[in-house]
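So that the names make sense, note that chain A is the first sequence line, chain B the second, and so on, each numbered from 1.
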2 protein chains.
Amino acid sequence: MADKQRRKPGETRDKLMAAALSLVGKGRHFASLGIREVTREAGIVPTSFYRHFRNMDDLGLQLVDELGLVLRKMMREARANVLHADKLMAESVAIFISHVEANRSCFFFMAQGLAGESRAVQEGIRSEMRFFASELANDLRRMRLVDHLNDRDLDMTCDLVVRSVAFSLTDLLGISPDDEYQINQVKTRTTRFLQLIFVGAAHWKSVTES
Amino acid sequence: MADKQRRKPGETRDKLMAAALSLVGKGRHFASLGIREVTREAGIVPTSFYRHFRNMDDLGLQLVDELGLVLRKMMREARANVLHADKLMAESVAIFISHVEANRSCFFFMAQGLAGESRAVQEGIRSEMRFFASELANDLRRMRLVDHLNDRDLDMTCDLVVRSVAFSLTDLLGISPDDEYQINQVKTRTTRFLQLIFVGAAHWKSVTES
DNA sequence: ACATGATGTGCACAACTGTACACATGGAGA
DNA sequence: TCTCCATGTGTACAGTTGTGCACATCATGT
């Protein structure tokens, strides 16, 4: 008899977020979703929406947090699995791509939110990216691969890296998740981008200060 | 007496496109616009919309063409005004920024469309960017500044350049159009990105082939 | 055991949406 | 001159939307 009852606290809340994400994953844009549509997808009555969120923007903000978790998980995996410095970039890109495929809807939401209509969501995603870039900078500093760069230049480099990868995201989301060929295409291109950037970083000072 | 009559062919069509662009410029997302909303903004009766467009996606596609014109105009101006190779990037970025400020709504639409919900619009914008990158590659070849790069690597470099600038677009659109300080911030950062990329390009072969 | 508060439901309603249809009007080609 | 056609208007309607309100149901702390 404990079947249709409330199972856990926050369960329907999660169902609502998952529903929104699912619709986004099916190609809809988050900005065009309505409360009724989301609740319908979640199998919930519309008015119940307000028990958890004040409006759609609010739900969007919570989704940004969820995205943050995914990104952190990805970062942890990258730190654990990227061992040899020579294949560092190719491996990182591979991990990124596999996480995108595993959380497609979430990254859809991220790509959309970057130019979305809610300023708050936009700033949230941007802030996640900044955090990611600064963590990357820390890792690189720790690995002592870029000792010749001062902090500001290293931050700039990492910023550019994160942006390039984020842009590849839109490539990735534009192609079918099982088109291995095209995915590999994106992978090698993104890797080359990163290599080009780090070649630039390696010679940076020599050009601007010598 | 020729006042309320039809002035020119395609006039209301332009009014509709301008109205959609204006709404987008005010922070709305294109995907969330409705036919009635756009016609209202244009001062047109809703049913008249169908005389010019089959639906909203159709209007979006026409907007991509308009965006194409703006980009080409920008390219022409850059070609005419970027004279000294040493300030090449700073000047190009400046021209880009001034065009963004002059056509804010249009670039809003572009940024949104990159992860928009119409696959066709998405592909259209992407194609404009590819065109832009290839033109850039041609110019660089003509200026003989990158003779050591083969065609494929030059294309990649230009691709990365265009992407980086496009990403800066989202920075730019996120700040007030008269916040000179922040605009300058974006400008110098973008310029440095490009410099970093070209430093990388300058040393590219030596790393991958030597 | 019982009151309480958090959560989910059903119903209602006014506002808005896309779109179909019949009609008005003016310009261009015969 | 007259006729046709592209363009714009007004009315209409069924479906959808956001959201307020009263009620049902449980989980928990006393």
Side-chain angles (χ1 to χ4, degrees), chain A residues 1-24 26-63 65-66 112 116-118 120-121, chain B residues 1-24 26-63 65-66 112 116-118 120-121:
Chain A
M1 69 180 75
D3 201 43
K4 276 185 69 181
Q5 306 168 0
R6 163 168 53 257
R7 330 240 173 134
K8 288 179 206 167
E11 193 206 17
T12 29
R13 176 202 184 88
D14 290 349
K15 266 203 283 191
L16 284 170
M17 292 205 278
L21 226 42
S22 155
L23 287 170
V24 165
K26 284 182 194 140
R28 300 290 315 280
H29 190 107
F30 183 79
S32 76
L33 296 182
I35 288 178
R36 282 189 118 101
E37 198 176 1
V38 173
T39 54
R40 202 183 309 131
E41 174 86 10
I44 303 288
V45 89
T47 39
S48 211
F49 179 90
Y50 298 101
R51 302 289 184 191
H52 306 277
F53 310 100
R54 305 210 339 281
N55 49 42
M56 266 301 181
D57 278 2
D58 191 16
L59 195 159
L61 280 180
Q62 319 273 352
L63 280 181
D65 292 347
E66 195 164 309
Q112 291 182 170
E117 76 180 342
S118 157
V121 167
Chain B
M1 65 183 81
D3 198 44
K4 277 186 67 180
Q5 306 167 1
R6 163 170 54 256
R7 330 246 171 127
K8 288 179 208 166
E11 192 207 16
T12 27
R13 176 200 184 90
D14 290 349
K15 266 203 283 193
L16 284 170
M17 292 206 279
L21 226 42
S22 155
L23 287 170
V24 165
K26 284 184 195 138
R28 300 290 315 279
H29 190 106
F30 184 79
S32 76
L33 296 183
I35 288 177
R36 280 190 119 102
E37 199 176 1
V38 172
T39 54
R40 201 183 310 129
E41 172 86 10
I44 303 289
V45 88
T47 39
S48 210
F49 179 91
Y50 299 101
R51 303 288 184 193
H52 305 278
F53 310 99
R54 304 213 335 284
N55 49 42
M56 267 300 182
D57 279 2
D58 191 16
L59 195 159
L61 280 180
Q62 318 274 349
L63 280 182
D65 293 346
E66 194 164 309
Q112 291 182 171
E117 78 180 340
S118 158
V121 167

Rounding to an integer number of Å, can you tell me how far B:His52 NE2 sits from D:dT7 P? 6 Å
Heavy-atom nearest pair, A:Ala20 first then A:Leu33, reads O-CD1, 3.9 Å
On DNA chain C, more 5' by nearest nucleotide between B:Arg54 and B:Arg51 is B:Arg54
Please report the C-alpha distance between A:Lys26 and A:Glu41 in whole Å, then the side-chain angles of each, then the deciding distance to 0.1 Å, and finally whether the salt bridge (charged side-chain N to carboxylate O under 4.0 Å, His left out) criterion is met. CA-CA 12 Å; A:Lys26 284 182 194 140; A:Glu41 174 86 10; 3.1 Å; yes
Is there a donor on the side chain of B:Thr47 or the base of C:dG18 sitting less than 3.5 Å from an acceptor on the other? no
When rounded to whole Å, the NZ to P distance for the pair B:Lys15 and D:dT9 reads 8 Å
Quick one: does A:Phe30's side chain get under 4.5 Å of A:Leu21's, heavy atoms only? no
Considering all heavy atoms of both residues, which atom of A:Met56 and which atom of A:Gly34 are nearest to each other, and what is their separation? CE-O, 3.3 Å
The test is side chain to side chain contact (heavy atoms under 4.5 Å, CB included); show your working for B:Leu63 and B:Met17 and say whether it passes. CA-CA 7 Å; B:Leu63 280 182; B:Met17 292 206 279; 4.0 Å; yes
Looking only at non-hydrogen atoms, find the nearest pair between B:Ala42 and B:Leu16 and report the distance. CB-CD2, 3.9 Å
Could you tell me the separation between the CZ atom of A:Phe53 and the C1' atom of C:dT7, rounded to a whole number of Å? 14 Å
Readout for nucleotides 13-18 of chain D: B = base within 4.0 Å of protein heavy atom, S = sugar-phosphate only, - = neither; 5' to 3' it is ----BB
Nearest whole Å is fine: how far is C:dT9 P from A:Leu16 CG? 10 Å
